[in-house]
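Treat the numbers as computed from the prediction; the structure is a model and nothing was measured. Remember, it's 1-based here, ligands and their atoms both numbered in the order they're listed.
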Amino acid sequence: MSAAEKAALRKQALAARGQGGDQSEIDRHLMQVLAPFEGQVLSGYVAMRGEADPGAAMAAHRGPLCLPVVTGKAVPLVFREWDGGALVPGPFGTSHPAETAAVLTPHVLIVPLAGFDRHGNRIGYGGGYYDRTLQLLRGMGPVAAIGLAFGVQELPEIPAEPFDQPLDLIVTDREIIRF
Ligand SMILES: Nc1nc2c(c(=O)[nH]1)N(C=O)[C@@H](CNc1ccc(C(=O)N[C@@H](CCC(=O)O)C(=O)O)cc1)CN2
Ligand SMILES: Nc1ncnc2c1ncn2[C@@H]1O[C@H](COP(=O)(O)OP(=O)(O)OP(=O)(O)O)[C@@H](O)[C@H]1O
């Protein structure tokens, strides 16, 4: 797939995201899939730009929480512990814990999706951050990657690329898809 084709798919999915979805069903489905991971280190994200919001499910998680930090271009994300307190602004409109927060290694990650297909292929914002990060984490031990999006962000087919890291589950307001 050319970069232009991928950019067009991303644009299409992000436009669809503008329609939003049923956030309470996102909460319910996400809590259901996270229940078996009680006690494990969970990485979530702080929703922005109309993303599906994992906040309620993160707050309900019994176990350590962390958030991704972008530390540079083309490098894996770093994860810092989050106690639910104040955050500092990061690049691209993100928010993350301050440098004083401990660096954690997550076992379960809620991965924000720009677009997805039924086979578990995903598109993000194009930085390759989650692909690099999941590759690194999976080299260290078992990791569960849970993609999160509204159902309207589904695309018919996203061609898989060699560097793409598979998702274990996709959670939307409409359904839970397991791979
Ligand atoms: N809420 C949330 N937090 C997140 C992500 C996310 O997708 N959502 N990330 C997911 O990786 C990481 C941050 N990575 C990001 C990478 C790029 C852009 C972004 O806005 N990119 C520009 C293009 C930048 C460029 O190429 O110069 C854009 O889309 O306009 C945003 C977040 C970690 N935190
Ligand atoms: N594991 C990796 N090692 C090196 N480069 C990678 C890796 N994963 C992705 N990339 C590079 O990152 C760029 C962006 O990848 P891609 O378009 O798949 O991003 P994305 O999946 O939309 O973004 P994200 O992973 O941040 O959600 C690609 O050009 C790719 O070459």
Side-chain angles (χ1 to χ4, degrees), residues 1-18 20-21 23 26-27 30 41-59 65-82 84 87-99 101 103-106 108-117 119-140 143-150 153-155 157-172 179:
M1 183 174 39
S2 74
E5 286 168 318
K6 192 157 192 178
L9 285 178
R10 180 176 295 116
K11 199 173 163 188
Q12 184 187 336
L14 289 176
R17 187 178 70 189
Q23 180 62 47
I26 292 273
D27 296 345
L30 193 51
V41 180
L42 171 68
S43 167
Y45 62 88
V46 179
M48 59 183 189
R49 306 181 194 162
E51 288 173 331
D53 188 350
M58 289 167 66
L65 279 182
C66 57
L67 286 172
V69 185
V70 175
T71 63
K73 269 197 175 185
V75 291
L77 297 162
V78 168
F79 297 88
R80 289 192 185 273
E81 189 166 25
W82 187 40
L87 298 170
V88 299
F92 307 120
T94 57
S95 309
H96 59 77
E99 306 275 293
V103 171
L104 298 185
T105 300
V108 192
L109 290 92
I110 306 169
V111 179
L113 307 177
F116 67 94
D117 72 16
H119 314 289
N121 299 310
R122 57 171 278 274
I123 293 185
Y125 285 124
Y129 285 107
Y130 275 98
D131 288 327
R132 286 190 181 83
T133 304
L134 289 170
Q135 182 183 38
L136 178 75
L137 293 174
R138 284 174 168 151
M140 295 164 62
V143 163
I146 302 170
L148 187 65
F150 292 116
Q153 291 167 255
E154 181 174 346
L155 295 165
E157 195 172 350
I158 301 170
E161 299 189 270
F163 51 78
D164 283 338
Q165 287 287 321
L167 296 168
D168 298 287
L169 284 155
I170 293 177
V171 170
T172 76
F179 301 104

Would a distance-only check, ignoring hydrogens and angles, find a side-chain to backbone donor-acceptor pair under 3.5 Å from [X] to [Y]?
X	Y	answer
D117	G120	yes
R122	A114	no
R80	A101	yes
Q153	L113	yes
N121	I158	yes
R132	G127	yes

Practice problem: State whether the shortest distance between N or O atoms of E161 and N or O atoms of ligand 2 falls below 3.5 angstrom. | Solution: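 For ligand 2, there is no N or O atom that lies under 3.5 Å from one belonging to E161.
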ask   = So is I123 polar-close to ligand 2, meaning N/O to N/O under 3.5 Å?
value =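 N/O-N/O distance below 3.5 Å does not exist for this pair.
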Within this structure, what is the [atom1]-[atom2] distance for the pair [X] and [Y], rounded to the nearest 0.5 Å?
X	Y	atom1	atom2	result
K6	I123	NZ	CD1	6.0 Å
L14	Y125	CG	OH	6.0 Å
C66	H96	SG	NE2	13.5 Å
T172	L30	OG1	CG	11.0 Å

In terms of residue, atom name and distance, what is the protein heavy atom nearest to [atom]?
atom	value
atom 4 (C) of ligand 1	T94 CG2, 3.9 Å
atom 22 (O) of ligand 2	G124 N, 2.7 Å
atom 1 (N) of ligand 2	Q135 OE1, 2.7 Å
atom 2 (C) of ligand 2	R132 CG, 3.6 Å
atom 6 (C) of ligand 1	P112 CG, 3.4 Å
atom 27 (O) of ligand 2	R122 NH2, 2.3 Å
atom 7 (O) of ligand 1	Y125 CE1, 3.0 Å
atom 23 (C) of ligand 1	F92 CE2, 4.7 Å
atom 30 (O) of ligand 1	R49 NH1, 4.6 Å

Can you name the closest pair of heavy atoms from [X] and [Y] and give their distance?
X	Y	result
E51	V46	OE1-O, 4.0 Å
L9	L155	O-CD1, 3.9 Å
Y45	A52	OH-O, 2.6 Å

I'd like the name of whichever of [options] reaches closest to [atom] through any heavy atom.
atom	options	result
atom 9 (N) of ligand 1	F79, Y129, Y130	Y130
atom 26 (O) of ligand 2	Y125, F163, Y129	Y129
atom 8 (N) of ligand 1	E51, H96, R132	E51
atom 19 (O) of ligand 2	P76, G128, P112, G147	G128
atom 8 (N) of ligand 2	D131, L136, T133, I158	D131

Should the proximity of Q165 to ligand 2, defined as any heavy atom under 4.0 Å, be assigned to the side chain, the backbone, both, or neither?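 Answer for Q165: neither.
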Identify, by atom number and element, the atoms of ligand 2 in contact range of [X], meaning under 4.0 Å from any of its heavy atoms.
X	result
G126	14 (C), 19 (O), 20 (P), 22 (O), 23 (O)
K6	16 (P), 17 (O), 18 (O)
D164	18 (O)

For ligand 1, which atoms, with element, lie under 4.0 Å from some heavy atom of [X]?
X	result
V46	1 (N), 2 (C)
P68	33 (C), 34 (N)
V70	13 (C), 14 (N)

For [atom], decide whether some protein heavy-atom distance is shorter than 4.0 Å.
atom	result
atom 21 (N) of ligand 1	yes
atom 14 (N) of ligand 1	yes
atom 1 (N) of ligand 1	yes

Between D131 and Q135, a side-chain donor and acceptor under 3.5 Å =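 There is no such pair (donor and acceptor under 3.5 Å, judged by atom type) between the side chains of D131 and Q135.
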Exercise for the section: Start with the C-alpha distance between F179 and I170, add both sets of side-chain angles, then the distance that settles side chain to side chain contact (heavy atoms under 4.5 Å, CB included), and finish with yes or no. Expected result: CA-CA 8 Å; F179 301 104; I170 293 177; 3.7 Å; yes
